[in-house]
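The structure appears below as structure tokens.
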Amino acid sequence: MRGIAKSMLTTLSVFLRPPVTRDYPNVHKPLPERDRAFPLLLWDQDIDEPFCTGCHACERACPVECMTVLMKDNPNHTSVGGNSKRRKIIDKFWIDYARCMRCNICVEVCNFDAIAMNNTWSGHETSVHDRKDLVMDLQQLTSQSHRGGIKEWVPVLGQANES
Amino acid sequence: MTIPLSSFLVLSALLFGIGFYGVLARRSAILILIAVEIMLAAVAINFIAFATYRDPKAFSGLVFALFVIAVAAAEVGLALGIVLRLFRERRTANVDEANSLKW
Amino acid sequence: MPTGLLGLNPWLDGVVRLLLIVGLMTVVAMGLIYIERKVLGRFHARIGPQRTGPFGLLQSVADALKLIGKEDLRPRNADPWTFEFGPYMVFIPIFLGFVVQPFMAGFQVRVLELGLLYFVAVSSVSIVGWVMAGWGSDNRYAMIGGMRAAAQAISYELPFVLSLLAVSMLTGTLNINEIVMSQAGVPNIVWQPLAFIIFFIAALAELNRPPFDIPVGESEVVGGPFVEYSGIRWSMFFLGEYASLFIMSILISALFLGGYEWPFGTQLGVGFQLLLTVVKASVLIFLIIWVRASVPRLRIDQLMGYAWKILLPLSLAQILINGFVLVYDLPKIVLTVAGIGGVFALVWLTERAIRRPRSARASAIALSEAAS
Amino acid sequence: MVIESAHEFETQDLLLNVGPQHPSTHGVFRMVMQVDGEVVRDIIPYIGYLHRGAEKLCETMDYRQGIGFMDRTEYLAAMNAELSYVMAVEALAELEVPDRAQWIRMILVELNRLSSHLMFMGAFGIDVGVFGTPFIYAWREREAIIDLFEEISGDRMMYAYLRPGGLAWDVPTNFVARCRETLTAVRQGIADFDGLLTKNEIFVARTQGIGFISAADAIDFGMSGPSIRASGVPLDVRREEPYLKYNDVKWDVITHTDGDVYARYLCRLGEMRESVKIVEQCLDRLEPGAIMPEKMPRMLRTPPGEVYIRTEAPRGEFGVYLVSKGGNRPYRLKVRSACLSNLQALKHMSVGQYVADAIIVLGSIDIVLSEVDR
Amino acid sequence: MFARLPLPAQFDRIIMTGGLVGSLVMGPILVGLIALYMLSRISGAEVVFYLASVVILLGALGAVLLPNLVHSALSLIATLLGVAAIYLMLLSEFLALVQILVYGGGVIMLVIFGLMLTNAQDDPVVSDGSQKPFAFGVGALIAGLFVAAAMMAQWGPSTATIIPFPAFGERLFRDFSLPIIIVAFLLDIAFTGALVNARRAESAAAEDAATGGTR
Amino acid sequence: MAVTSDPILEGAVATTTTPEPITQPATAPDEPMTLPVIPGEHPNEAPRLTPVEVVPGKALYKQILPGVMQVPLDLVLAASRKSSLWPMTFGLACCAIEMIATYMAHYDLDRFGIVPWPSPRQSDVMIVAGTVTKKMAPAVKLLYEQMPNPKWVISMGACATNGGPYTRYDRVLQGVDKIIPVDVYVPGCPPRPEALIDSFIALQELIMEERGNAGR
Amino acid sequence: MSAETLFSNYIPVLLASIVGFVLVLSALIGSRLLAPFSQEREKSTTYECGMLPIQRAATNVGMRFYLYAILFVIFDVEAVFIFPWAVSFMNIGASAYWLMVAFIAILGLGLGYAWKKGALQWR
Amino acid sequence: MTSEETTESTEAAAPTATLDGTIWAEVDRALSGITASAERGVLDVIVHVPPAEIVRALKALKADATLKFDYLRSLTAVDNEADGIDVVYHLYSTTARHNLTVKATLPPTNLFIDTATSIWRAADWLERETAEMFGVRFNGHPDPRTLLMPEDMDDTFPLRKDHPLAEIEILQGEGMGYSEEDQ
Ligand code: SF4
Ligand code: SF4
Ligand code: SF4
């Protein structure tokens, strides 16, 4: 019975400590900047187009084949009178968030730093009623970056892991 | 008291009859026990009824009923023990199949 | 014929009081569910219900409404009669138990001469409901749960009854009100510490509260006899559980803590008496929840062994000691001393019995080898 | 007399089906117990409800892509699983891992062991029947470790942080301080568990002498990890065939000789204390430096060959058998699951015990179903 | 509106049947009794008495007639509780409560455990057959005789008094000490006998298990 | 007897529990050992993985009350349902760990009135947390069917939604919505606990939106 | 105490059983009104952790339960005798006390016998 | 790699490397009468044993007084397509603390091998798994049911190289998103 008394004292000591609950919908815990929610495409604010050139590198590297990339000639390329240095640019881009396993590989393989993991809460609060809504198209993927709503985290030694 | 003694006696008689029927008609040993319980209840009703109505001190009948309850409890325990053993050894709780005593 | 409340005839009076009790029971059971969730939340370093109504106060109401609006299933293979009547058999006895509960002087449904016996007798019936539920569900977990519940309830009923008798010996009556009033000076717990502890433990077991919750243990029998019940029928069991928790804590406080009496007289009025009852019961309820948060579940053999080998002999001894002291007119302090000695004996016996000797391992090996 | 009803009186032991959805099977494990009264006469375990072909899929992935699958194979100790995998690749590709990376790996692996053992404590407490409390305590501390991991790797469970050759990226600058904070929290958690369970009579009565397995049997069944160490076999890969820097720090292999459930619990509790010790020493010795070898190829390829790497995961020996026929992906990857072997002994350990005991014996093995089934 | 009541589909559940049985059988009886009471034909006590009698007799009939033994046992509860009410009518509060305590909690549990153990929940009604008319005859005869005797005899006026419970106890323990001791011995013996039998049964079961009867 | 029959299809398995050792001849039987690999869907899969059709039965009040009087009842029912969503304790794989985390002190689903119950009979929500393999799928389906109406399903994580990382292994079901209807999908592998809470909030919104259906 | 007091005391008990019954029944009827209703074959299968049931549940339980039930009935009867004793032994004096000691001792012997025979042991 | 230094020499995993300094000598002695050959793996010595002799060899390895391979780490198979299936045993000695890999190559036409369950009980489930994953049959196995597969899906061997992967149901791209947008 003494052992039981000890258990009860232990629980009592917890009873007297304040609760540790984070009041979630009201209080959002600050996310670490490395947080990996889902990949997003970055927007080149200078030229007002996505960084992505549609090079398919990420599509091929994705372990779960959840990306689809279609590339087109850039209508904004300098050769056709635009101000962009990208000859090719992304035409259509889908990422199936429902399948993505958030492995960061697409970010690591992209040579244009055009894709980054969403490290804001918007990347986590993505419940939908239809799974087709989880297939993000180009517009959805870029809008957050377009608005400047994402601060991309670049690994300090990120170059070291091109395995 | 407005209820005549005969009402209780009639009730107890009917109950006893039902119990008697159960003992005779059913073959499951446990059901026979249940029927015996019914009969005992009828008997106890009689005891108390007579004690209340006919005994000025209204006492011995109550004590008898108390002992009936006590003994009935003991009886059920013992009888069920026997039934269980019967069941385990003869694979049945049916009294007709257990009518030979050579086990 | 004696007239009761408001000068009504006894039938009407009974109805009025019972309706009050119905309201009280519903509110209290729901409140208890809420309180238990909140308190357990604190024990778990979290908050508990918070978002339904202010401070989550409406949580139980929402639960109840939802359960009413939930489909009420009966498994195809279940035995219709037993399955459907199980909730009645569980709930009605508990409700009957309210009849003798003393909330304050002058308010209870009835003061029965044999109140304690009545309570014990009535509450022993509800176990049949558990067995009905368990057997009728045609579900193995339910079946095992029902059997366990029955075995546990009958085993702990004896220490329960006997320690309750120990109290009634002091007063020489089975009338709960008289027992309460006799404690105006010193509550019985002072004279009967051993009986109090035995009674508390047995009450935990009768309530199927941890550590005696093996009939409903989630990790073994997935909720016991109620596995197959859904919707409102299930919530009847749930309601009954909390109603009996309430009854039991009122009863303990009446028998051992002095119920609505306290040592400093009665001049503060009935409202204060009610408060005393509530406070004493709340302390007990908190204790019960606290135990729930802290102890593991016993195993069936340990549980039964504890009732038969430790609690039953000790409570018999308590009765004999009480009788001896009372018959030979020894000073009452002897009771206290003997009771404290008994508590030590209980602690010692518990630790000895529950801490299995190391040699038990050898038998475990032998068994597993024999079996495999 | 004609026995018309004999069939109705056949006695049969109760067949109790536990799982795949059962609160105490820790996932989708299923066992059918043959119960006589309350005593278990026989147990048939059924596994495979989570068999999802990680090995097969890894054969189609290159080495880096496989890391994610390793995480998901041993999701309670993802770092340990990653470690085995990358060590296997490193052994084949003959990569030299820089010191700093090794120290960090060791810290992470031990922290993960802590969080996994905490999970065990919680789940086991539930099995024994404490209402929620141990689970909650476990998760309070686990959450601290998870937060730390999240700050390092970016994900709460599936870290994908180790890479063949080193680490994906360096740890944050405040890593050491955060680690120490976490350790403080964990120490509190261990103390809470100690207070809540270790001495509690009911807990002791429920666990002592239950689920005994002798050292010889344990070896025969190929058990590993705390489960075998509780039977008195000091089998710990960290000590027997040291990897990382385990030889450079001071720690003890915790063994108990009782071989019962209580001993397994104590073993894990002791190991948690040891892990805290190890992490502290590692933190002291952590120095700046490279986290990847100098020259890493852009696409890692391995020469043909095969290797069987074993590491000590929280649940026991986590082995990775990697066969390469050249190229950038495994030819065959086999995960040696500690839980699978430990689980095999379940029947041996729990036959003859009570139903409730069988459940805590299962809890004491601490299975992770996706590792068992892969 | 009533045309839209999908009665058969919605009300097929037994509890509805239970409610219906409650209201169809007990309801008219209750209504009738209350009507009589209102008409001052019978007293309140008689209302309760007749109610209890109906419960007792229905329960007893259920107990001996129902094919499923568990149902029989449960229906016996109704009888025993009703009998407790009758004891109460006979001014014996203590015995009524003891009846509930010993039967409702104890004996019924014992019987149910016995049923569960023997797997005899499904009674071989098939094998009952032949004795039924005979049994009915004998049962009816006995009941008829007793009823006739009870009705024909002239029972004098009631002499009922309530014994206060302490006085009952006092006289019980003053005058009946020897029977009490004998009861104690009887209980011991019964219990030992039951134990021995049950243990024999258990060892038989164990033998079953050992000889592969069930494995 | 070796258990060969499918428990779901046959209804009975393991009439005797101790597996009789099947003594194989020491010498190999001379049947050809390279059995054919059946490409594509396995023939046995069809019956066990047919989708569930929910048959909604209407509540009585929906049938007898006039429309206006249904509205407040609908509202009350929907509001109470949304505040008391009881999920079934049911974890399949890694996602289950995050689901447990959500119940725990830091997130505390109890704040929303969400408490897990072990039996489907008492639960309103099924959180499919983890990979549904084809071996497990019948059980998931059965459990869903055993839940009383009204019931909802949250598909938690990539695996439950469409097979996730394991889609390409042919023993894995490509999404639990192949067999049971899903109300809310949470992406992620695994989703954060907050994401699960978010899905519950989404489910609550759904319940309020569909409250006209409350008596379904 | 008169018969009338006795009856009026127990009237609420009768009423309470009726009220309790009606309470449960009305909750059930309310639920019938509000709850959805469907009859699906699979839905009404017995829950067994996601498997279809292996066999009918109603098989025998352990003998242990029965032994405890016998013990309980015996001691219940003992308790029944203690009830009147507890309220009256003071009026009789020492003889009643020693009678009860003997009574308990005899039954205690039985308990001891059962204990020694291992009836209180689960295996 | 520090991790490899304890058991075998650390570098040069060339299979042709000399076997000096390993336990091959002991193993060779223990396996007298069995035509075994050895090569040096990255960490352990790999011994090739003819499938017919495998049980004898394993028994000898376990019983040998100096080797004492009492611990079966892992048992699995590798599908080498045309070259048949290797059944691989990873052994360990808890007392002498050394490792050994034993391999038996089964020709694709005769996938039978004797069971090792009589030697280590650990082999039970591992063999069941290997059997259903590769179609290897273990003669004399006490309980040859499927382990991981559903009971009715035991006639395909998913870990064989020729076992196809499933088609992914793709919603994005040419699937739903694309066609909708393009209309
Ligand atoms: S995101 Fe990067 S890798 Fe992917 S298509 Fe665009 S540019 Fe190429
Ligand atoms: S994070 Fe991984 S899974 Fe997700 S899109 Fe990128 S590569 Fe694919
Ligand atoms: S979605 Fe990811 S985390 Fe969840 S079960 Fe599947 S693999 Fe595990």
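Just so we're on the same page: letters track the sequence lines, and every chain starts at 1. Every heavy atom of this structure was used, including side-chain atoms; hydrogens, water molecules and symmetry mates were not. Small disclaimer: the values here were computed from a predicted structure and weren't measured.
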Show your working on side chain to side chain contact (heavy atoms under 4.5 Å, CB included) between V109(A) and R64(D) and close with a plain yes or no. CA-CA 11 Å; V109(A) 298; R64(D) 188 176 53 187; 3.0 Å; yes
Applying side chain to side chain contact (heavy atoms under 4.5 Å, CB included), run through W139(D) and V20(A) and close with a yes or a no. CA-CA 11 Å; W139(D) 275 90; V20(A) 295; over 6 Å; no
Using the rule given for salt bridge (Lys or Arg N to Asp or Glu O under 4.0 Å), can you reason through R22(A) versus D147(D), listing the C-alpha separation, both sets of side-chain angles and the distance that settles it, and then say yes or no? CA-CA 13 Å; R22(A) 297 171 192 141; D147(D) 280 351; 2.9 Å; yes
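Residue contact with chain A, scored on non-hydrogen atoms closer than 4.5 Å, involves the side chain of R72(D) exclusively. M61(D) touches chain A through its side chain: at least one heavy atom from C-beta onward sits under 4.5 Å away, while N, CA, C and O do not. Interface remark: I136(D) contributes no atoms to any contact with chain A (heavy atom separation under 4.5 Å).
Contact check for V64(A) versus Q65(D): no side-chain heavy atoms found under the 4.5 Å cut-off. Side-chain contact between K6(A) and L197(D): absent, with no pair of heavy atoms (C-beta onward) separated by less than 4.5 Å. Side-chain contact between R163(D) and E108(A): present, with at least one pair of heavy atoms (C-beta onward) separated by less than 4.5 Å.
A salt bridge is absent between D170(D) and R34(A): the closest approach of a Lys/Arg side-chain nitrogen to an acidic carboxylate oxygen does not fall below 4.0 angstrom.
No other option in G166(D), G66(D), A191(D), S153(D) has as many heavy-atom pairs under 4.5 Å with chain A as S153(D). Each of T198(D), D192(D), V89(D) has some count of heavy-atom pairs under 4.5 Å with chain A, and the biggest count is that of D192(D).
Under the ring pair (Phe, Tyr, Trp, His ring centres under 6.0 Å) criterion, Y137(D) pairs with no residue, sequence neighbours left out.
Not a single donor-acceptor pair under 3.5 Å links the side chain of R36(A) to the backbone N or O of E150(D).
Atom CG of L31(A) sits about 10.5 Å away from atom CD of E151(D), to the nearest 0.5 Å.
Contacts with chain D (heavy atom to heavy atom, under 4.5 Å) involve these residues of residues 7-19 of chain A, listed by number: S7(A), T10(A), T11(A), V14(A), R17(A).
Between I4(A) and E201(D) the shortest heavy-atom distance is N-OE1, 3.1 Å. Closest of all the heavy-atom pairs between A160(D) and C103(A) is CB-O, 4.4 Å.
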